[in-house]
Peer 1: 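I'd like to ask some things about the structure below.
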Amino acid sequence: MSKKVKQKRKWWFRALKKIMKCRYKEPNFVFLGEKFSNGGIIISNHEGTDAPMSLEIYADAHIRMWGAHEMNSGLIKMYKYQTRVYYHEKKGWNLGLARLFCLIASPLTNLFYKGLNLISTYRDARMIKTIRESIEAIEAGDNIVIFPEDSTNGYLAELEGFHPGFVLLCDRLKKKGIDVPIYVSYFRKSDRTYIIDSPILYSSISENRSKEEIAELLLNRCNELGKMEITTTEDSSKD
């Protein structure tokens, strides 16, 4: 077995991730094509914290994740976002319980996100900063991980939609002469399987399609992966 890639993280954060392995067990990574290389985009369902943490701890590739800027903007904004948006609206917790829980959870999460080296995302003109930072990361050999699902009704097994903002990054890369490979993936919590599709070059799906059509195309493929029956003959990162 070859030695896995170490993420570009500070020493204290790497130590923290070793402790978190008690909570997040290594999934079975199943690749339907090439394994992660350098400078790609990984599109995935979210599945609460399980999908992001499975990639952060166990992915055999350098990665940088997109995430809501509220989770990367200090303790107070994080607390407000976690209580109302994440735990109450997305996960369905009682708001009072969410507020009480986050008195403990938010300081720990704030520390964690400082080590994660997250790329903040926005819903206004500041998205330009997100695109610029993402391009720099890709040019440095990192893979950008994006969780574009519409989680208005929570994190569902059958994804209801993809926000198309990630297509802006793909378009900008194309203008710079970078035909970025996209890895559509699906984390299936029921059997702890992470299914990664063969990489798709952006140029092969962008011609004569709007950003919404591209997002829908990848959404449908993501849902297909989630329903796929995996046999022992499929490729796995543990081989």
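For the numbers below, each heavy atom of this structure counts, side chains included, while hydrogens, waters and symmetry mates do not.
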Peer 1: Could you check whether any side-chain heavy atom of Val184 comes within less than 4.5 Å of a side-chain heavy atom of Ile42, counting everything from C-beta outward?
Peer 2: no
Peer 1: Show the nearest heavy-atom pair for residues Asn143 and Gly40, with the distance to one decimal.
Peer 2: OD1-N, 2.9 Å
Peer 1: Are there more than 12 heavy atoms of other residues, nucleotides or ligands under 6.0 Å from atom CD1 of Ile76?
Peer 2: no
Peer 1: Can you confirm whether more than 12 heavy atoms, excluding those of Lys90, are under 6.0 Å from its NZ atom?
Peer 2: yes
Peer 1: For residues Asp171 and Tyr202, is any side-chain donor paired with an opposing acceptor at under 3.5 Å?
Peer 2: yes
Peer 1: If you count the non-hydrogen atoms of other residues, nucleotides and ligands that lie under 6.0 Å from CD in Glu139, is the total more than 12?
Peer 2: yes
Peer 1: Start with the C-alpha gap between Asn223 and Asn45, add the side-chain angles, then the distance that decides, and say whether side-chain contact (heavy atoms from CB on, under 4.5 Å) holds.
Peer 2: CA-CA 9 Å; Asn223 280 325; Asn45 64 321; over 6 Å; no
Peer 1: Nearest 0.5 Å, please: how far is CZ in Arg126 from OG1 in Thr121?
Peer 2: 10.0 Å
Peer 1: Decide yes or no for His163 and Asp150: does some side-chain heavy atom of the first lie under 4.5 Å from some side-chain heavy atom of the second?
Peer 2: yes
Peer 1: Which heavy-atom pair separates Gln82 from Ser106 by the least distance, and what is that distance?
Peer 2: OE1-OG, 2.6 Å
Peer 1: If you count heavy atoms of other groups shown closer than 6.0 angstrom to NZ of Lys8, is the number above 12?
Peer 2: yes
Peer 1: In terms of side-chain heavy atoms, does Thr109 have a donor or acceptor partner in Tyr79 at a distance below 3.5 Å?
Peer 2: no
Peer 1: Check the pair Asp197 / Ile182 against side-chain contact (heavy atoms from CB on, under 4.5 Å), numbers first and verdict last.
Peer 2: CA-CA 9 Å; Asp197 203 5; Ile182 301 172; over 6 Å; no
Peer 1: Measure from the side-chain N and O atoms of His69 to the backbone N and O of Ser120, and report whether any donor-acceptor pair falls under 3.5 Å.
Peer 2: no
Peer 1: Which heavy atom in Cys222 sits nearest to a heavy atom in Leu159, and how many Å separate them?
Peer 2: SG-CD2, 4.0 Å
Peer 1: Tell me if a side-chain donor or acceptor on Ser185 pairs with a main-chain N or O of Ile195 at a distance below 3.5 Å.
Peer 2: no
Peer 1: Less than 4.5 Å apart, side chain to side chain, heavy atoms only: is that true for Glu149 and Leu156?
Peer 2: no
Peer 1: Can you check whether Pro52 reaches Met65 side chain to side chain, under 4.5 Å on heavy atoms?
Peer 2: yes
Peer 1: Does the side-chain contact (heavy atoms from CB on, under 4.5 Å) test come out yes or no for Ile138 and Ile41, once each step is laid out?
Peer 2: CA-CA 8 Å; Ile138 285 178; Ile41 292 178; 4.2 Å; yes
Peer 1: Taking the side chain as every heavy atom from C-beta outward, state whether Asn117 and Arg9 have any pair of such atoms under 4.5 Å apart.
Peer 2: yes
Peer 1: If you compare all heavy atoms of Cys102 against all heavy atoms of Pro107, which two are closest, and at what distance to 0.1 Å?
Peer 2: O-CD, 3.6 Å
Peer 1: Quick check: does any side chain N or O of Asn28 sit under 3.5 Å from a backbone N or O of Arg192, one acting as donor and the other as acceptor?
Peer 2: no
Peer 1: Starting at CZ of Phe13, measure out to CD of Gln7 and round the result to the nearest 0.5 Å.
Peer 2: 9.5 Å
Peer 1: Do Tyr194 and Ser44 come close enough that some side-chain heavy atom pair is under 4.5 Å?
Peer 2: yes
Peer 1: With a sphere of 6.0 Å drawn around CD1 of Ile104, does it hold more than 12 non-hydrogen atoms of other residues, nucleotides or ligands?
Peer 2: no
Peer 1: From Lys175 NZ over to Ile135 CD1, what is the distance, rounded to the nearest 0.5 angstrom?
Peer 2: 10.0 Å
Peer 1: Taking the basic N atoms (NZ, or NE/NH1/NH2) and the acidic carboxylate oxygens, is any pair closer than 4.0 Å for Lys174 and Asp179?
Peer 2: no
Peer 1: Could you tell me whether Lys21 and Glu26 make a salt bridge, using a distance below 4.0 angstrom between a side-chain N and a carboxylate O?
Peer 2: no
Peer 1: Would you say Ile128 has more than 12 foreign heavy atoms packed within less than 6.0 Å of its CD1?
Peer 2: no
Peer 1: Would you say Glu158 and Lys227 make side-chain contact, with heavy atoms under 4.5 Å?
Peer 2: yes
Peer 1: Parallel under 30°, tilted from 30 to 60°, perpendicular over 60°: which one fits the rings of Tyr183 and Phe36?
Peer 2: perpendicular
Peer 1: Report yes if the distance between the aromatic ring centroids of Phe101 and Tyr87 is under 6.0 Å, otherwise no.
Peer 2: yes
Peer 1: Within this structure, what is the CZ-CD distance for the pair Arg221 and Glu216, rounded to the nearest 0.5 Å?
Peer 2: 15.5 Å
Peer 1: Give the minimum heavy-atom separation between Asn153 and Glu160, together with the two atoms involved.
Peer 2: ND2-OE1, 2.9 Å
Peer 1: Tell me whether Ser54 contacts the main-chain N or O of Pro27 through its side chain, where contact means a donor paired with an acceptor under 3.5 Å.
Peer 2: no
Peer 1: Answer yes or no: is there an ion pair linking Arg23 with Asp50, defined by an N-O contact shorter than 4.0 Å?
Peer 2: yes
Peer 1: Between Arg188 and Thr193, is there a donor-acceptor pair closer than 3.5 Å when you use the side chain of the first and the backbone of the second?
Peer 2: no
Peer 1: Is it true that Glu56 and Lys17 make a salt bridge, defined as a side-chain N closer than 4.0 Å to a carboxylate O?
Peer 2: yes
Peer 1: Are the side chain of Glu133 and the backbone N or O of Thr130 linked by a donor-acceptor pair below 3.5 Å?
Peer 2: no
Peer 1: Do other residues, nucleotides or ligands put more than 12 heavy atoms under 6.0 Å from Lys91 NZ?
Peer 2: yes
Peer 1: Mind checking whether Phe162 and Phe166 have parallel, tilted or perpendicular rings, split at 30° and 60°?
Peer 2: perpendicular
Peer 1: Roughly how far, to the nearest 0.5 Å, is CZ of Arg84 from CG of Leu95?
Peer 2: 5.0 Å
Peer 1: What's the separation between atom CG in Leu169 and atom CD1 in Ile131, rounded to the nearest 0.5 Å?
Peer 2: 4.5 Å
Peer 1: Where is the tightest heavy-atom contact between Glu213 and Asn208, given as atom of each residue plus distance?
Peer 2: OE1-O, 4.0 Å
Peer 1: With distance as the sole test, does Arg64 use its side chain to make a donor-acceptor pair with the main-chain N or O of Val145 at under 3.5 Å?
Peer 2: no
